[in-house]
J.: 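Here you go, one structure.
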Amino acid sequence: MKAGVVSIIKGAIEGAREAGAITGGNMPEIVLDKPKKEEFGDFSTNAAMLLAPLEKKAPREIAKAISERISQSPYVEKCEVAGPGFINIFLKKTFWLAVLEDIIKTGEGYGRSGLGKGHKVQVEFVSANPTGPLHVGHGRGAAVGDALSNILKFAGFEVSKEYYINDAGRQVLTLGESVRLRMEELSGKAIEFPQDFYKGEYIKDIAADYIEKYGSADAPGAPRLKDFGSSAMLERIKSDLREFGIEFDSWFSERSLDDTGMVAATIDELKQKGHVFESEGALWFRTTAFGDDKDRVLIKADGERTYFASDIAYHRNKIERGFSSIVNIWGADHHGYENRIRALIKALGYDDSVLKIIFIQLVALLRGGVPVAMGKREGEFVTLRQVMDEVGKDACRFFFLMRRSDAQLDFDLDLAKSQAPENPVYYVQYCHARIKSIIAFAAEKGSALPTAFDAALLSRLDQKEEAELIRHLGSFGEVVERSAEAMEPHRVTFYLMDLAALFHPYYNKNRVVTDDPELTSARLLLCNAVATVAANGLRLLGVSAPEKM
RNA sequence: GCGCCUGUAGCUCAGUGGAUAGAGCAUCGGCCUCCGAAGCCGAGGGUCGGAGGUUCGAAUCCUCUCAGGCGCGCCA
């Protein structure tokens, strides 16, 4: 659609040049806007204003020459010059009906694009340590990562979703020790919990489980506590994610990096390339040579590798798997690590633009307008499961996607639960359910939803609101593309709220099912197209599109 | 001190360098004998944190500055 208009404009500029109205050989990049006001047309371009300084002519003069030629296109109703030199293009209605034709024909594939050209993208997200349950912050990352993956796929990328499991190192050992202590407690011993141990109730569950299965940690054949504990936690995480509607393509174990020698191999490669040095008994990676603000330790003086060492091995492995783009979704408190990972990529001789890091800002839960206490020190995180149980999966995911990732999010639990129009998730879902209900009502009255596109029938749609709706439906594909390019899933959320905000007033003002069978059919088709696009958008977000609610 | 993110209506936020800066919530006033009122209509509300600069044009780009959040371990 947009491409067609761009070529019309390019043709008009060429025509103006041949006629001598434009003398230079420059072709500006054609930028098409969807104007905010309908009096500015269906599309608007600033091409003449970009040409003006090159041509040394008044922008309006150039715009006039171009606009006259655009008007001659058979698809164009009229074309006007406005303001400082905008060219406003009004398309013929038949051009817009092609949008409905496209929706009817492609259905749940409407909005799909080939932008990604099948390029392989890896999205790594959540990756919470298997030492405790997922909290709401992880939930936001999960919602963003999953929606982004859906959007990238829809835009033509080949996406692989991965979860990196931190199953090596001290944290897992501490988890094992925490379980051991709880087991002792269960056997009647008085215990004292060290400060850095995991104290949550879930540790008791794991301890009780262990005792039930093996009796004690010394029993023959009993697994190590850290292994038992971390795999129990991981199972719990997996089931939370499944309930949240998220399936990963792969689960990558940190421990496997040690077992297969990848950490050692990565350090060797850095050594060979001369980026490693020894100092004070430790082995360092000279990340400052690649833009980091200080050098980083790979192997500590006590001989143990750092977390960073496994992290660089992991990123080396990701790159060597041949993704054209790797995306990390991290909590905003990790932004300090970005430069050292980029340093690694550069040190290995790759272009670090393959890496995109999306930082997820904090979530503040509100109840009754005041923040829910989330004492970090006590480890009293509100879990994802608690929120999901309280407000439901759909509201939960939708709310996580209502803001840009790098903006803090106030999550109003009361609002998310409320069945009132001010709740945005219901506002959008209601739009879908309402349409399905109208279609059912029409069928009862003997007006079935037409199954095929019919231009003559659809030309009965002559209301201003109908044109606006169709125009918005027609921009869905671009929203998906821009959302994929910018890696900003919230754009789809806003698109859907706008769509619903166009539909509801239309519905209130115009009757769909009337005595006029043609008009009824035409409006049913339009309504169904709205429902189709709403469902497609909601599906990208991982939110259901209910038929009834 | 250095680095990253954020400052837009009372609140929460949208806004690929374009036209008179937009939503939602909250406030106030209306709309169901009629397709789903989980909806609609109307009203008020702004020095886009501030100051310079680039540009025909800046909320958007650059510099400085103020305010808030986060990060700056041989922790994970």
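Numbers restart at 1 for each chain; the letters A, B, ... are given by sequence-line order, proteins then strands.
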J.: Taking atom P in both B:G50 and B:A67, compute the distance separating them and give it to the nearest angstrom.
T.: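 Approximately 15 Å lies between the P atom of B:G50 and that of B:A67.
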J.: Hey, does the side chain of A:Arg60 come within less than 4.0 Å of B:C56's phosphate (OP1/OP2), counting only N and O?
T.: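 A:Arg60 to B:C56 OP1/OP2: no side-chain N or O under 4.0 Å.
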J.: Between A:Ser437 and A:Ala433 (side chain of the first, backbone of the second, donor and acceptor by atom type, cut-off under 3.5 Å), is there such a pair?
T.: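 No, A:Ser437 side chain to A:Ala433 backbone: no donor-acceptor pair under 3.5 Å.
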J.: Looking only at atom C1', what distance separates B:G1 and B:C62, rounded to whole Å?
T.: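 Approximately 24 Å lies between the C1' atom of B:G1 and that of B:C62.
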J.: Can you find a donor-acceptor N/O pair under 3.5 angstrom joining the side chain of A:Ser418 to the base of B:A38?
T.: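 Side chain to base: no pair present.
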J.: Scan every strand shown for a Watson-Crick or G-U wobble partner of B:A43, both distances under 3.5 Å, and answer none if you come up empty.
T.: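 By the stated definition (distances under 3.5 Å), B:U27 pairs with B:A43.
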J.: Output yes if the stacking criterion (under 5.5 Å between centres, under 30° between planes) is met for A:Tyr427 over the base of B:A38, else no.
T.: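 No, A:Tyr427 does not stack on the base of B:A38.
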J.: Quote, to the nearest angstrom, the P distance that separates B:U63 from B:U6.
T.: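 Taking atom P in both B:U63 and B:U6, they lie 15 Å apart.
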J.: Considering Watson-Crick and G-U wobble pairs with both distances under 3.5 Å, what does B:U16 pair with?
T.: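 Looking at the geometry, B:U16 pairs with no nucleotide.
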J.: With a 3.5 angstrom cut-off on both distances, give the Watson-Crick or G-U wobble partner of B:C32, or none if there isn't one.
T.: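 Check on B:C32: unpaired, no WC or wobble geometry under 3.5 Å.
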J.: Within the 3.5 Å criterion, strictly below it, is a donor on A:Asp33 or A:Ser44 matched to an acceptor on the partner's side chain?
T.: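 On atom types as modelled, these side chains do not qualify, holding no pair under 3.5 Å.
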J.: May I ask you to say what A:Arg511 touches in the nucleic acid, namely base, sugar-phosphate or nothing, with a heavy-atom cut-off under 4.0 Å?
T.: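 It contacts base atoms.
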J.: When you measure from the side chain of A:Tyr426 to the backbone of A:Lys417, do you find a donor-acceptor pair of N or O atoms at a distance under 3.5 Å?
T.: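 Checked: no pair found.
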J.: Just to confirm, is there a sub-4.0 Å distance from OP1 or OP2 of B:C72 to any side-chain nitrogen or oxygen of A:Arg340?
T.: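 For B:C72, OP1/OP2 do not have a side-chain N/O of A:Arg340 under 4.0 Å.
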J.: If you go through the side-chain atoms of A:His335, does one of them form a donor-acceptor pair with the base of B:C70 closer than 3.5 Å?
T.: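 Yes, the side chain and the base share a sub-3.5 Å donor-acceptor pair.
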J.: Under a 3.5 Å cut-off for both contacts, is B:C2 paired Watson-Crick or G-U wobble with anything, and if yes, with which nucleotide?
T.: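 Because both required distances fall under 3.5 Å, B:C2 counts as paired with B:G71.
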